Amino acid sequence: MRRPLIEGWFTMDEEPHLLGQRCDDCATIVFPPRATYCPNPRCSGETLTSVELSRVGRVWSYTGAEYQPPEPYIAPSDPFVPFAIAAVELSAEKVIVLGQVASGFGVESLHVGSPVELVVESAETHSGDDLVIWKWRPTSDGAS
């Protein structure tokens with residue numbers, strides 16, 4: 001059975017969404033959903049409501065992981081396969097969310113301001129569990 005690598009952080013629908021929280025007092029958005037009070041220092045709100053966040057955004061920054069990190073990192077595959085990581089500004093919320101870039105795309109597929117959409121992909125594990133994680137997939141439609 002497929003299940004999220006991190007429970008409660010994203011949906012696994014046909015069109016997945018990240019799950020965040022919005023402060024009921026000031027509307028500050030929080031991701032990942034971990035707050036028990038508003039993180040905005042100008043607000044004393046203590047009630048946060050779960051919300052689905054934008055599926056689309058634009059690359060704010062990015063980098064490539066070209067070399068296998070040292071132990072205790074465990075590479076999901078042997079030999080190590082380089083991957084890209086993108087910081088994405090969500091279209092509606094203007095919150096920046098870090099995530100791996102979808103399989104088949106590297107830094108050559110990215111530039112600051114390029115549109116991306118949220119997808120879920122299988123996460124390779126040594127346990128054999130069928131886990132999934134969110135990733136950012138570059139798009140060319142400019143709809144972000």
Side-chain angles (χ1 to χ4, degrees), residues 1-24 26-43 45 48-144:
M1 183 171 117
R2 290 181 82 191
R3 60 187 176 89
L5 183 65
I6 305 171
E7 197 69 47
W9 282 23
F10 60 98
T11 67
M12 295 188 353
D13 305 328
E14 186 174 321
E15 291 190 346
H17 288 82
L18 294 172
L19 299 173
Q21 294 170 302
R22 179 184 299 120
C23 175
D24 290 354
C26 73
T28 294
I29 298 292
V30 179
F31 182 84
R34 49 105 181 114
T36 55
Y37 58 89
C38 182
N40 180 344
R42 296 185 190 131
C43 179
L48 292 107
T49 302
S50 294
V51 293
E52 286 188 349
L53 303 178
S54 301
R55 300 190 63 251
V56 295
R58 294 199 176 269
V59 174
W60 185 78
S61 184
Y62 62 93
T63 190
E66 299 297 320
Y67 304 98
Q68 182 171 330
E71 291 183 16
Y73 175 82
I74 299 172
S77 59
D78 189 20
F80 174 76
V81 177
F83 58 92
I85 300 168
V88 172
E89 182 180 55
L90 300 180
S91 293
E93 298 84 2
K94 304 303 180 201
V95 171
I96 297 172
V97 177
L98 191 64
Q100 200 170 333
V101 175
S103 300
F105 297 94
V107 293
E108 68 283 348
S109 303
L110 304 171
H111 65 271
V112 171
S114 62
V116 293
E117 67 180 344
L118 188 80
V119 296
V120 293
E121 291 185 358
S122 291
E124 293 184 42
T125 65
H126 294 286
S127 67
D129 292 338
D130 192 8
L131 301 175
V132 296
I133 189 68
W134 82 87
K135 294 186 179 183
W136 298 111
R137 180 173 58 203
T139 63
S140 59
D141 63 7
S144 310

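Given the structure is predicted, the values throughout are model-derived calculations rather than measurements.
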Between [atom1] on residue [X] and [atom2] on residue [Y], distance to nearest 0.5 Å:
X: Leu19; Y: Glu52; atom1: CG; atom2: CD; answer: 6.0 Å
X: Ile85; Y: Thr63; atom1: CD1; atom2: OG1; answer: 7.0 Å
X: Lys135; Y: Leu118; atom1: NZ; atom2: CG; answer: 12.0 Å
X: Leu110; Y: Tyr62; atom1: CG; atom2: OH; answer: 6.5 Å
X: Ile96; Y: Arg58; atom1: CD1; atom2: CZ; answer: 14.0 Å

Please find the pair of heavy atoms, one from [X] and one from [Y], that lie closest to each other, and give the distance.
X: Val132; Y: Phe10; result: O-CZ, 3.2 Å
X: Ala102; Y: Val119; result: CB-CG2, 4.1 Å
X: Glu66; Y: Pro82; result: OE1-CB, 3.7 Å
X: Glu121; Y: Ser103; result: OE1-OG, 2.8 Å
X: Phe105; Y: Arg137; result: CE1-CG, 3.7 Å
X: Val120; Y: Pro16; result: CG1-CB, 3.9 Å

Check the angle between the aromatic planes of Trp134 and Trp9 and answer parallel, tilted or perpendicular using the 30° and 60° thresholds.
tilted
Contacts of Gln21 that satisfy side chain to side chain contact (heavy atoms under 4.5 Å, CB included) - sequence neighbours left out:
Val30, Pro33, Ala35, Leu48
With sequence neighbours excluded, tell me which residues meet side chain to side chain contact (heavy atoms under 4.5 Å, CB included) with Val88.
Ala86, Val116, Trp136
Counting heavy atoms not belonging to Arg22, are there more than 12 under 6.0 Å from its CZ?
no
Glu108 atom CD, over 12 foreign heavy atoms within 6.0 Å:
yes
Would you say Thr28 and Pro39 make side-chain contact, with heavy atoms under 4.5 Å?
yes
Would you say that Ile29 contacts Leu53 through its side chain, given a criterion of any heavy-atom pair below 4.5 Å between the two side chains?
yes
Ser54: side-chain hydrogen bond (donor to acceptor under 3.5 Å, both in side chains) partners, not counting sequence neighbours:
Glu93
